[in-house]
Amino acid sequence: MTAFDRSWFHRPVLDVAHDLVGCTLAHGETAGVIVETEAYHYTEAACHAYVGITERTRVIWGPPGRAYVYRSYGIHALVNVVCEPDGVGAAVLIRALVPTEGVEVMRMRRGPVPDAQLCNGPGKLTQALGIGLELNDTDLVGGPIELRPAAEPFEVVRSAPRIGISKAVDLDWRFTAAGHRGVSRPYPKTAGSSPPGRTPT
DNA sequence: GTATGGATCTTCT
DNA sequence: GAAGATCCATACA
């Protein structure tokens with residue numbers, strides 16, 4: 001068995017986000033080990049599903065074990081793993097991978113960057129793996145995107161506040177592989193200030 | 001090495 | 001009309 005059973009995704013989003021660290025995400029001839037995830041649930045404001053079911057968020061509310069791919073800031077595709085039962089809005093954002101297969105292909109897609117930077121960001125890993133919006137709402141069980149269980153479970157992962165959001169920032173729903181830096185992005189200098197990348201006018 | 005601001009466009013109010 | 005789960009180039013120490 002090289003893929004998860006669908007029931008694996010039929011669990012609390014925090015459990016899935018935790019267990020997803022160390023697993024392998026594969027698409028085509030490229031693959032990488034997940035080293036950073038973030039959990040999102042419709043009960044908190046940072047989740048897209050928080051607003052309810054719309055044309056955009058429909059997938060999150062759908063059956064578990066599917067991929068929710070959406071466009072962020074107009075230019076990046078981000079991939080999420082839908083989990084929890086059908087009718088519950090919950091998903092896990094894949095934030096960072098360590099390339100393991102098809103590294104040459106990744107380099108071609110990503111350009112001349114250090115290997116450490118091939119997949120160290122949610123928008124970068126989708127580009128490296130060739131995952132686009134056309135893969136939104138595709139199956140992770142027997143679909144084009146494959147998810148493989150961890151060869152050996154990561155013993156320690158730590159939870160920390162999520163990044164790049166402005167709501168529900170106090171929830172420690174980010175999971176990073178122990179001993180790995182994951183996405184090397186500095187936190188906002190002062191807690192409670194505006195998030196990076198946007199300056200209010 | 002670290003900090004700041006712009007690019008870009010879809011979705012929702 | 002405004003906000004957003006980002007990335008990259010540039011400026012400065």
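We name chains A, B, ... by the order of the sequence lines, and we start the count at 1 in each one.
Residue A/Tyr68 has its side chain nearest to C/dA5 when only C/dT6, C/dA5, B/dC12 are considered. Side-chain proximity of A/Lys124 to C/dC8, B/dC9, C/dT6: nearest is C/dC8. Nearest nucleotide to the A/Pro122 side chain, out of C/dT6, B/dT13, C/dA5: C/dT6.
Clustering ILVMFWY residues whenever any of their side-chain heavy atoms sit less than 4.5 angstrom apart, transitively, puts A/Val105 in a cluster other than the one holding A/Val103.
For the pair A/Arg56 CZ and C/dA3 C1', the interatomic distance rounds to 10 Å; values are reported in whole Å. A/Arg162 places its CZ atom 16 Å from the C1' atom of C/dT6, with the value rounded to the nearest Å. What separates CG of A/Leu78 from C1' of B/dT10 is a distance of 13 Å, to the nearest Å. Counting to the nearest Å, the C1' atom of C/dA9 and the CD atom of A/Gln117 are 13 Å from each other. As rounded to whole Å, 14 Å separates atom C1' of C/dG4 from atom CZ of A/Arg71. Per the geometry, CD belonging to A/Glu36 stands 16 Å off P belonging to C/dA5, to the nearest Å. Between the CG atom of A/Leu125 and the C1' atom of C/dA5 there is a distance of 12 Å, given to the nearest Å. One interatomic measurement links the two molecules: CD of A/Glu44 to P of C/dA5, which rounds to 10 Å at whole-angstrom precision.
OP1 and OP2 of C/dC7 both lie 4.0 Å or more from every side-chain N or O belonging to A/Arg95. The shortest distance between the side-chain N/O atoms of A/Thr54 and the OP1/OP2 oxygens of B/dC12 is below 4.0 Å.
With A/Thr100 contributing its side chain and A/Ala31 its backbone, the two residues share a donor-acceptor pair below 3.5 Å.
Shortest non-hydrogen contact noted between A/Arg109 and A/Ala128 is NH1-O, 2.9 Å.
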Taking Watson-Crick and G-U wobble contacts under 3.5 angstrom, with | marking pairs to another strand and [ ] crossing pairs, the secondary structure of DNA chain B is written |||||||.||||.
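Relative to the ring axis of A/Trp8, A/Arg11 places its NZ or CZ within 45° and under 6.0 Å from the centre.
A/His48 and A/Tyr70 have perpendicular rings, their planes meeting at more than 60° on a 0 to 90° scale where under 30° would count as parallel.
Rounded to the nearest 0.5 angstrom, A/Tyr68 OH and A/Asp137 CG are separated by 11.0 Å.
Not a single donor-acceptor pair, N or O on each side, falls under 3.5 Å between the base of B/dA7 and the side chain of A/Tyr73.
We find that A/Glu38 and A/Arg162 are not joined by a salt bridge, their nearest charged nitrogen and carboxylate oxygen being 4.0 Å or further apart.
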